[in-house]
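Labels below follow one simple rule: chain letters A, B, ... track the order of the sequence lines, proteins then strands, and each chain is numbered from 1.
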2 protein chains.
Amino acid sequence: MKEQLSKYLIRYANFNKLDLNLIYNTCSIQSYNKKDFLLKQNSVCKYKYFILEGLVRQYRVEDNGNENISVFGIENWWITNLDSFLNETGSINSIQALEKTTVLQITKTELEELYLKIPVLERVFRKITENMLIALQRKNEIFMKKNSKERYYNMLEQIPGFSQRVPQYMIASYLNITPEYLSDIRKNK
Amino acid sequence: MKEQLSKYLIRYANFNKLDLNLIYNTCSIQSYNKKDFLLKQNSVCKYKYFILEGLVRQYRVEDNGNENISVFGIENWWITNLDSFLNETGSINSIQALEKTTVLQITKTELEELYLKIPVLERVFRKITENMLIALQRKNEIFMKKNSKERYYNMLEQIPGFSQRVPQYMIASYLNITPEYLSDIRKNK
DNA sequence: AGAAATCATTAAGATATCTTAAGAAAGATT
DNA sequence: AATCTTTCTTAAGATATCTTAATGATTTCT
């Protein structure tokens with residue numbers, strides 16, 4: 001557990017043992033069963049989660065009842081509703097475990113204290129955030145300009161093995177198409 | 001000029017006069033005429049730009065010749081192709097002035113040196129990047145779930161006065177619809 | 001194993017949006 | 001003012017994707 005986080009962090013900057021311990025000990029570890037919620041729509045997102053193991057989805061239930069998945073989170077990813085976490089407002093979406101999932105979680109206050117104690121962490125989260133922004137920009141590029149079929153095959157390529165871990169209707173939801181139409185796409189391959 | 005940047009920066013953290021001077025002097029100032037390019041598609045994005053005055057668009061020309069605008073940049077915004085800037089790869093899009101535009105520009109190397117000399121700047125750009133990520137997530141929410149008409153009226157609301165500064169076909173491009181269809185939407189208000 | 005629940009497919013008709021092509025309006029340039 | 005260029009509108013037919021509803025296949029639970 002501690003190893004896994006350390007290994008992740010030192011990809012971004014140098015840390016000594018003490019710092020790594022402090023970071024790890026500031027987080028609390030938590031396990032969620034399949035279908036458990038890490039965050040519920042409309043409530044404040046209290047934590048930034050580092051996924052040690054498992055799989056989660058971030059999604060929103062629309063007024064008409066439709067579910068709309070914006071992100072899947074897997075091992076070694078941070079997940080949170082950043083808007084809610086930073087501004088302490090109600091979250092527009094939920095985070096739910098799709099498999100048994102173990103995370104390290106840290107509150108905003110805890111994280112801010114860490115920034116003060118370990119300034120280089122500021123750099124690490126700058127870089128992580130930059131990478132997330134780039135990833136989202138790339139995703140956008142695809143969603144804006146590719147049709148459903150291309151988005152589907154792109155996804156299979158980018159995250160192989162994913163279609164085995166997640167039901168097809170959730171993939172459809174992530175791709176922003178109906179399950180019926182995804183079924184069509186697969187048929188007419 | 002210096003005032004404008006300083007005023008912007010101190011919204012994010014405390015800086016002393018010396019630091020503010022150093023930051024300002026590390027940037028170079030540059031003016032672009034209408035239609036000039038700050039960045040050309042396929043070339044490496046050498047600068048992060050802070051727009052002092054003016055208006056730019058970030059857009060990509062697709063294989064079929066269509067232009068696709070992803071971002072408009074206005075006063076007091078940073079603009080860059082982050083992927084290209086950080087990874088020093090060819091940019092997938094261009095940045096072009098739509099009005100006479102004055103910017104402060106800084107290279108990756110210069111910025112990295114500043115991070116070392118003024119560690120709190122690391123925090124500032126962490127926060128700026130977080131805010132950009134949140135803004136993009138919000139935009140996504142709208143683009144994924146609202147139809148063209150709703151996106152149009154949302155945009156008018158969010159950035160009022162914008163439709164006066166930018167031709168309608170560019171707004172259509174940003175909204176990811178054809179100019180013809182936008183014309184339709186406006187007619188059937 | 002059987003029942004219940006969840007998930008995937010099929011098909012027909014509906015809708016949003018695009019494509020093409022032409023003409024009208026507005027703005028820029030001589 | 002006249003011409004050229006850019007931008008906007010109109011309209012008809014085409015296409016991608018959705019909606020609904022029903023059935024079939026899997027997985028989960030008892």
salt_bridge([X], [Y]) N-O dist < 4.0 Å:
{"X": "A/Glu122", "Y": "A/Arg126", "value": "no"}
{"X": "B/Glu75", "Y": "B/Arg165", "value": "yes"}
{"X": "A/Glu150", "Y": "A/Lys145", "value": "no"}

Listing time: all N or O pairs from protein to nucleotides 24-30 of chain C that are below 3.5 Å?
none

If you fit an axis to the five pairs at each end of the helix from C/dA1-D/dT30 to C/dT30-D/dA1, how big is the angle between those two axes, to 10 degrees?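 The value is 50°.
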Could you name each residue pair satisfying ring-ring contact (aromatic ring centres under 6.0 Å, His included) that touches [range], not counting sequence neighbours?
{"range": "residues 14-37 of chain B", "result": "none"}
{"range": "residues 85-114 of chain A", "result": "none"}
{"range": "residues 90-139 of chain A", "result": "A/Trp78-A/Phe125"}

Residues, nucleotides or ligands: over 12 heavy atoms within 6.0 Å of B/Lys34 NZ: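 For B/Lys34, atom NZ is not crowded (no more than 12 foreign heavy atoms under 6.0 Å).
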State which residues pass side-chain hydrogen bond (donor to acceptor under 3.5 Å, both in side chains) with A/Glu180; sequence neighbours excluded, sorted by chain then number.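 Partners of A/Glu180 by the side-chain hydrogen bond (donor to acceptor under 3.5 Å, both in side chains) criterion come out as none, since no residue qualifies.
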Pairing residues for A/Asn25 by the side-chain contact (heavy atoms from CB on, under 4.5 Å) criterion, not counting sequence neighbours: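 Listed in chain order: A/Asn21.
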List for me each residue that meets side-chain contact (heavy atoms from CB on, under 4.5 Å) alongside B/Asn140, sequence neighbours excluded, and say none if there are none.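 For B/Asn140 the side-chain contact (heavy atoms from CB on, under 4.5 Å) partners, ignoring immediate neighbours, are A/Leu136, A/Asn140, B/Leu136.
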Tabulate below the donor-acceptor pairs under 3.5 Å that side-chain atoms of residues 42-49 of chain B make, not counting sequence neighbours, or state none.
unit_1, atom_1, unit_2, atom_2, d
B/Ser43, OG, B/Lys40, O, 2.6
B/Tyr49, OH, B/Leu38, O, 2.6

Below 3.5 Å, can you tabulate the donor-acceptor pairs from side chains in residues 61-68 of chain B to any protein atom, sequence neighbours excluded?
unit_1, atom_1, unit_2, atom_2, d
B/Asn64, OD1, B/Asn66, N, 2.8
B/Glu67, OE1, B/Arg57, NH1, 2.9

DNA chain D-proximal residues of residues 161-183 of chain A, any heavy atom under 4.0 Å: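 Heavy-atom contacts with DNA chain D come from A/Asn176, A/Ile177, A/Thr178, A/Glu180, A/Tyr181.
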Check this one for me: any side-chain N or O of A/Arg186 less than 4.0 Å away from OP1 or OP2 of C/dT9?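 Affirmative; the distance criterion is met.
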Along DNA chain D, 5' to 3', what are the outermost nucleotides having an atom less than 4.0 Å from a heavy atom of chain A?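 Contact boundaries, 5' end first: D/dA16 to D/dA21.
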